[in-house]
Amino acid sequence: MSDATLLYEGKAKRIYATDRPGILRCQYKDDATAFNAQKKGQIAGKGEVNCTVAALLFRYLEGAGIATHFVGQTGSTEMAVRAVTILPVEVVVRNRAAGTLCKRLGLERGKAIAPPLVEFFYKNDDLGDPLLTTDHIELLNLATPEQVQVLRQQALAIDTLLQQFFLQCQLELIDFKLEFGTDANGDILLADEISPDTCRLWNLADERVLDKDLFRFDLGDPVAGYREVLERVQAVAGELGQ
Ligand code: TMP
Ligand code: ASP
């Protein structure tokens with residue numbers, strides 16, 4: 001298949017075929033959506049920030065023994081990734097209460113959560129990505145109980161690693177969402193992206209929001225927030241020799 005063949009277009013990324021077997025090209029867009037695409041807009045430079053941040057974090061996690069789909073960054077908004085079948089279960093890890101957790105359980109925003117909380121959501125836009133129990137996952141055959149165990153273990157290991165990395169960036173990792181996929185051998189790889197779109201990141205000194213909540217809730221300038229995250233992540237990745 002030619003390099004220009006578009007295989008899939010999502011809200012924030014396009015996936016293209018490549019001439020290399022088992023390898024796809026993932027292009028990050030500036031388009032931003034929130035609340036299941038009820039709110040739409042653009043964040044200038046978001047594609048470049050998210051692609052570069054995700055590339056640096058995937059490389060950091062690979063170095064710490066986490067299997068990911070990442071192959072290499074191939075342009076300012078593009079990376080090569082291994083082809084996987086995405087599991088339709090989004091995995092959210094929370095270190096402090098924010099977002100839908102506060103809404104759902106009435107917790108105060110910012111309340112510490114220890115040990116970290118793992119939640120599963122059904123990746124299904126038509127249903128609005130509802131919260132899943134492990135019994136729901138089994139009922140719908142979305143993943144096997146063994147796979148759910150791997151998702152939970154991997155997500156918690158990734159949380160520890162990312163918290164350490166972001167602390168060096170003077171950022172606190174409040175919560176984040178991961179997606180995983182299976183490769184041709186059935187192995188589970190971390191997929192999708194890790195970026196200010198998919199993480200809540202607060203400035204360590206004053207809890208200033210530097211992530212997509214700037215766009216979701218009109219809290220400030222998302223372009224500046226995303227740039228600040230990129231600069232700090234690049235500096236720390238550079239210090240770590242990546
Ligand atoms: P929530 O509090 O809105 O459920 O979000 C939890 C985390 O998941 C937060 O870091 C933002 C991220 N997230 C996504 O990456 N994609 C989504 O579609 C949603 C709703 C949340
Ligand atoms: N990306 C999601 C959407 O537009 C929502 C979000 O990130 O808040 O559906």
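For ligands, and for the atoms within them, numbers begin at 1 and follow the listed sequence. In this text, all values refer to a predicted model and were calculated from it rather than measured experimentally.
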Discussion item. Does only the side chain of Asp197 get under 4.0 Å from ligand 1, or the backbone, or both, or neither? Count heavy atoms.
Written reply: backbone
Item to complete: Report the C-alpha distance between Phe35 and Phe217 in whole Å, list the side-chain angles of each, state the deciding distance to 0.1 Å, and finish with yes or no for ring-ring contact (aromatic ring centres under 6.0 Å, His included).
Response: CA-CA 10 Å; Phe35 315 116; Phe217 302 108; 5.5 Å; yes
Fill in: Taking atom 1 (P) of ligand 1 as the reference point, the nearest protein heavy atom with its distance
Thr100 OG1, 3.3 Å
Would you mind listing each N/O atom of ligand 2 next to any protein N/O under 3.5 Å, plus the distance?
{"from": "ligand 2", "atom 1": "1 (N)", "to": "Lys212", "atom 2": "NZ", "distance (Å)": "3.3"}
{"from": "ligand 2", "atom 1": "4 (O)", "to": "Thr33", "atom 2": "O", "distance (Å)": "3.4"}
{"from": "ligand 2", "atom 1": "4 (O)", "to": "Thr33", "atom 2": "OG1", "distance (Å)": "2.4"}
{"from": "ligand 2", "atom 1": "4 (O)", "to": "Ala34", "atom 2": "N", "distance (Å)": "3.3"}
{"from": "ligand 2", "atom 1": "4 (O)", "to": "Ala37", "atom 2": "N", "distance (Å)": "3.2"}
{"from": "ligand 2", "atom 1": "7 (O)", "to": "Lys212", "atom 2": "NZ", "distance (Å)": "2.8"}
{"from": "ligand 2", "atom 1": "7 (O)", "to": "Arg216", "atom 2": "NH2", "distance (Å)": "3.1"}
{"from": "ligand 2", "atom 1": "8 (O)", "to": "Arg216", "atom 2": "NE", "distance (Å)": "2.6"}
{"from": "ligand 2", "atom 1": "8 (O)", "to": "Arg216", "atom 2": "NH2", "distance (Å)": "3.4"}
{"from": "ligand 2", "atom 1": "9 (O)", "to": "Lys11", "atom 2": "NZ", "distance (Å)": "2.9"}
{"from": "ligand 2", "atom 1": "9 (O)", "to": "Asn36", "atom 2": "N", "distance (Å)": "3.0"}
{"from": "ligand 2", "atom 1": "9 (O)", "to": "Ala37", "atom 2": "N", "distance (Å)": "3.3"}

Worksheet entry | Numbering as shown, the atoms of ligand 1 that approach Arg94 to under 4.0 Å (heavy-atom distance) | 1 (P), 2 (O), 4 (O), 6 (C)
Worksheet item: Protein heavy atom under 4.0 angstrom of atom 11 (C) of ligand 1, is there one?
Response: yes
Worksheet entry | Minimum-distance pair of heavy atoms, taken over all atoms of Ala4 and Tyr16 | O-CD2, 3.5 Å
Worksheet item: Pick from Asp129, Asp197, Asp192: which one makes a side-chain hydrogen bond (donor to acceptor under 3.5 Å, both in side chains) with Lys177?
Response: Asp192
Item to complete: List, by chain and then residue number, the residues other than Val92 in its hydrophobic cluster (Ile/Leu/Val/Met/Phe/Trp/Tyr, side-chain heavy atoms under 4.5 Å); write none if there are no others.
Response: Phe121, Leu131
Item to complete: Going by the side chain to side chain contact (heavy atoms under 4.5 Å, CB included) test, name the single residue among Leu201, Val93, Leu167 that passes it with Leu173.
Response: Leu201
Worksheet, complete the sentence: closest protein heavy atom to atom 9 (C) of ligand 1 is Asp175 OD1, 3.1 Å
Worksheet item: What protein heavy atom is closest to atom 16 (N) of ligand 1, reported as residue, atom name and distance in Å?
Response: Lys177 CE, 3.6 Å
Worksheet entry | Trace of the salt bridge (Lys or Arg N to Asp or Glu O under 4.0 Å) decision for Asp218 with Lys39 | CA-CA 11 Å; Asp218 298 312; Lys39 176 170 179 165; 3.1 Å; yes
Worksheet item: What are the two closest non-hydrogen atoms of Asn50 and Glu193, and how far apart are they?
Response: ND2-OE1, 3.4 Å
Discussion item. Under 4.0 Å from a heavy atom of Phe176: which atoms of ligand 1 are those, numbered in the order shown and with their elements?
Written reply: 10 (O)
Worksheet item: Say you draw a straight line from CZ of Arg96 to CH2 of Trp202; how long is it, rounded to the nearest 0.5 Å?
Response: 5.0 Å
Item to complete: Please work out which of Glu179, Arg200, Glu119 has its closest non-hydrogen atom nearest to atom 6 (C) of ligand 1.
Response: Arg200
Fill in: atom 14 (C) of ligand 1: any protein heavy atom closer than 4.0 Å
yes
Worksheet item: Phe176 and Ile158: side-chain contact (heavy atoms from CB on, under 4.5 Å), yes or no, with the steps?
Response: CA-CA 10 Å; Phe176 60 99; Ile158 292 165; 4.2 Å; yes
Discussion item. So if I count the atoms of ligand 1 from 1 in the order they appear, which ones are less than 4.0 Å from some heavy atom of Gly99?
Written reply: 2 (O)
Fill in: Lys11, NZ atom: more than 12 neighbouring heavy atoms under 6.0 Å
yes
Discussion item. Can you confirm whether more than 12 heavy atoms, excluding those of Lys40, are under 6.0 Å from its NZ atom?
Written reply: no
Fill in: Those atoms of ligand 1 less than 4.0 Å from some heavy atom in Cys199
10 (O)
Worksheet item: With backbone taken as N, CA, C and O and side chain as the heavy atoms from C-beta onward, which portion of Glu90 lies under 4.0 Å from ligand 1: side chain, backbone, both, or neither?
Response: neither
Worksheet item: Phe58 vs His69 aromatic rings, parallel, tilted or perpendicular, using cut-offs 30° and 60°?
Response: perpendicular
Worksheet, complete the sentence: Paired with Leu171, the side chain to side chain contact (heavy atoms under 4.5 Å, CB included) test is passed by just one of Gln163, Arg200, Arg232, Glu228, namely Arg232
Response to the item:
shortest atom 21 (C) of ligand 1-to-protein heavy-atom contact is with Arg216 NH2, 4.1 Å
Discussion item. Quiz question for you: does at least one protein heavy atom lie closer than 4.0 Å to atom 19 (C) of ligand 1?
Written reply: no
